[in-house]
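Structure, as structure tokens:
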Amino acid sequence: MNYNEFLDALLESVESLMGEEYDIYYHDILKNNDNSLKAMIIKKAGDHISPTIYLKGFYEDYIYGKSTLFDIRDEIIRLYKDNCNDVSIDAQNYENFDYIKSKIAYKLVNAKSNENMLKDVPWIPILDLAIVFYVIVKIDKSGADGTILIKNNHLKIWGINKEELIELAKENTPKIMPSEIRTMKKVISDILKKRNIKVSEYDLPLNDYFSEDMFVVSNKKMLFGAAALIYDGVLEELSENIDEDLYILPSSIHEVIVLPCRNGDEERFNNMVKAVNREELAASDVLSDHIYRYSRKEKALQML
């Protein structure tokens with residue numbers, strides 16, 4: 001069964017169980033780096049907004065024999081029922097700026113890779129990147145469950161201009177998504193602990209692989225954490241503590257790796273970033289193909 005046949009069969013199967021009171025359809029959603037993803041929308045009569053269920057992973061499970069069509073149907077329905085009551089912003093509230101304004105934040109994306117998206121949204125250029133804005137639908141202990149990208153027409157609905165949007169996001173983002181800086185050794189150690197793996201089992205002496213001044217910069221939710229780079233004082237304070245200019249390796253839109261320039265090899269770092277982007281990251285998570293430098297003297301980011 002090819003992808004289109006799979007989609008047709010899945011839609012028919014979900015419709016047969018959910019019944020006529022639900023409107024069920026597919027929608028192509030433009031994600032970061034102009035990646036379009038197919039999603040199933042299940043909307044009950046009277047609902048203004050509903051969970052978005054992406055399908056690529058389900059099809060991969062199907063073709064590799066991990067799940068049957070009926071397994072996938074049941075999982076999609078479960079996801080809908082588990083999340084339909086958690087969508088906390090309906091259409092009426094979304095038009096109410098007083099309700100929305102405390103939920104507005106910003107993130108960093110690649111400007112060139114998002115040319116189509118940037119045509120429809122307010123944004124600010126910064127080197128080869130773009131600052132774009134979004135509304136947080138819901139945050140719980142595991143992070144933000146949903147976000148809505150702010151488009152130009154939203155500003156008209158809210159009766160605000162781009163400058164007002166920028167000021168709100170600049171104030172909100174560090175509060176909603178406070179920055180977090182951890183050493184790389186701490187990050188790796190935490191990952192191994194979560195997997196109940198002892199460092200000795202992997203013969204991985206972390207001190208030999210990661211220096212004390214290699215850091216991961218993100219936010220406490222690990223969502224769109226690369227934006228912490230432009231929080232007031234984050235890079236300035238870190239560079240002062242290290243007493244050195246900083247290299248910034250954009251590991252994804254969610255976090256970056258920072259280390260002092262005295263430990264640097266620009267060509268090797270650039271090649272490393274490109275390799276990770278091509279081989280390890282989902283296309284929608286890539287931030288940039290090259291590294292940056294933070295200058296203590298100029299207190300500014302530079303593109304290398």
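FYI, the numbering just counts along the sequence from 1.
In the hydrophobic clustering of ILVMFWY residues, with side-chain heavy atoms under 4.5 Å counting as a link, M272 and L304 come out together. V135 and Y99 end up in the same hydrophobic cluster when Ile, Leu, Val, Met, Phe, Trp and Tyr side chains are linked at under 4.5 Å. Grouping the Ile, Leu, Val, Met, Phe, Trp and Tyr side chains by contacts below 4.5 angstrom, directly or via other members, places L108 with L165. One hydrophobic cluster, built from ILVMFWY side chains closer than 4.5 Å, holds both I124 and L287. L11 and Y25 are assigned to two separate hydrophobic clusters, defined by single-linkage of ILVMFWY side chains at heavy-atom distances under 4.5 Å.
The side-chain heavy atoms of V109 and M117, taken from C-beta on, include a pair separated by under 4.5 Å. Considering only heavy atoms from C-beta on, N153 stays 4.5 Å or farther from D120 through its side chain. N33 places none of its side-chain heavy atoms less than 4.5 Å from the side chain of I253. At a threshold of 4.5 Å between non-hydrogen side-chain atoms, the residues R296 and D243 count as touching. Proximity of M40 to L55: side-chain heavy atoms (C-beta onward) are separated by under 4.5 Å at one or more points. Residues L118 and V132 meet the side-chain proximity criterion, which asks for heavy atoms closer than 4.5 Å. For the pair F58 and D71, the minimum side-chain heavy-atom distance is 4.5 Å or more. Here the side chains of I42 and I76 are in contact, with some heavy-atom distance below 4.5 Å.
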> For R262 and D213, what are the C-alpha separation, side-chain angles and deciding distance, and is it a side-chain contact (heavy atoms from CB on, under 4.5 Å)?
Replying inline: CA-CA 11 Å; R262 62 175 173 266; D213 50 14; 3.2 Å; yes
>> Evaluate T52 against I41 for side-chain contact (heavy atoms from CB on, under 4.5 Å), listing each step before the verdict.
In response: CA-CA 6 Å; T52 300; I41 309 296; 4.0 Å; yes
>> I'd like to know whether D245 forms a salt bridge (charged side-chain N to carboxylate O under 4.0 Å, His left out) with K297, so could you lay out the CA-CA distance, the side-chain angles of the two residues, the decisive distance to 0.1 Å, and finally the verdict.
In response: CA-CA 8 Å; D245 283 6; K297 181 180 180 180; over 6 Å; no
> Do V217 and I248 pass the side-chain contact (heavy atoms from CB on, under 4.5 Å) test, and can you show the C-alpha distance, the side-chain angles, and the key distance before you say yes or no?
Replying inline: CA-CA 9 Å; V217 176; I248 292 98; over 6 Å; no
> Is there a side-chain contact (heavy atoms from CB on, under 4.5 Å) between Y292 and L129 once you walk through the steps?
Replying inline: CA-CA 11 Å; Y292 305 89; L129 305 176; 3.4 Å; yes
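Between the OH atom in Y26 and the CG atom in L10 there is a gap of 4.0 Å [rounded to 0.5 Å]. With values rounded to the nearest 0.5 angstrom, K38 atom NZ is found 7.0 Å from S36 atom OG. To the nearest 0.5 Å, the span separating OH on Y106 from CD1 on I131 amounts to 7.0 Å. Distance check: N110 CG to L127 CG gives 11.0 Å after rounding to the nearest 0.5 Å. To the nearest 0.5 Å, atoms OG (S13) and CG (D74) are separated by 7.5 Å. Here the CZ atom belonging to F215 is positioned 12.5 Å from the CD1 atom belonging to I257, to the nearest 0.5 angstrom.
Dense packing is recorded around CD of E240, with more than 12 heavy atoms of other residues, nucleotides or ligands lying under 6.0 Å away. No more than 12 heavy atoms of other residues, nucleotides or ligands shown are found within 6.0 angstrom of NZ on K112. Within a 6.0 Å radius of OH in Y54, other residues, nucleotides and ligands contribute more than 12 heavy atoms. Within 6.0 Å of CD in E267 there are 12 or fewer heavy atoms belonging to other residues, nucleotides or ligands. Other residues, nucleotides and ligands place more than 12 heavy atoms under 6.0 Å from the CD atom of Q302. Other residues, nucleotides and ligands contribute over 12 non-hydrogen atoms within 6.0 Å of the CD atom of E5.
Formation of a donor-acceptor pair under 3.5 Å by the N172 side chain with backbone atoms of K101 is found in this model. Within the 3.5 Å criterion, the main-chain N or O of S67 finds no donor-acceptor partner in the side chain of D61. Using a distance-only test at 3.5 Å, with no hydrogens or angles considered, no donor-acceptor pair links the side chain of S239 to the main chain of L246. Judged purely by atom type and a 3.5 angstrom limit, D289 has no side-chain atom pairing as donor or acceptor with the backbone of V273. At least one donor-acceptor pair closer than 3.5 Å links the side chain of S218 to the backbone N or O of H254. Between the side chain of E164 and the backbone N or O of N161 there is at least one donor-acceptor pair closer than 3.5 Å. Using modelled atom types, no side-chain atom of N219 and backbone atom of A228 make a donor-acceptor pair closer than 3.5 Å.
Residue P174 comes nearest to E171 through the heavy atom pair CD-O, 3.8 Å, listed as atom of the first residue, atom of the second, then distance. Here the closest heavy-atom approach between residue D34 and residue E115 is recorded as OD2-N, 3.4 Å. In terms of heavy-atom proximity, I104 sits nearest to I176 at O-CD1, 4.3 Å. The shortest heavy-atom contact between E180 and R182 is OE1-NE, 3.7 Å.
We find that D285 and K31 are not joined by a salt bridge, their nearest charged nitrogen and carboxylate oxygen being 4.0 Å or further apart.
Listed by first and then second residue, the ring pair (Phe, Tyr, Trp, His ring centres under 6.0 Å) pairs involving residues 117-136 are Y134-F224 (not counting sequence neighbours).
No hydrogens or angles considered: a donor-acceptor pair under 3.5 Å links the side chains of E266 and Y247. Judged by distance alone, the side chains of N32 and N114 do bring a donor and an acceptor atom under 3.5 Å apart.
Every residue two or more places apart in sequence or in another chain that forms a side-chain hydrogen bond (donor to acceptor under 3.5 Å, both in side chains) with E75 is listed here: R78. Here I63 pairs with Y59 under the side chain to side chain contact (heavy atoms under 4.5 Å, CB included) rule; sequence neighbours left out.
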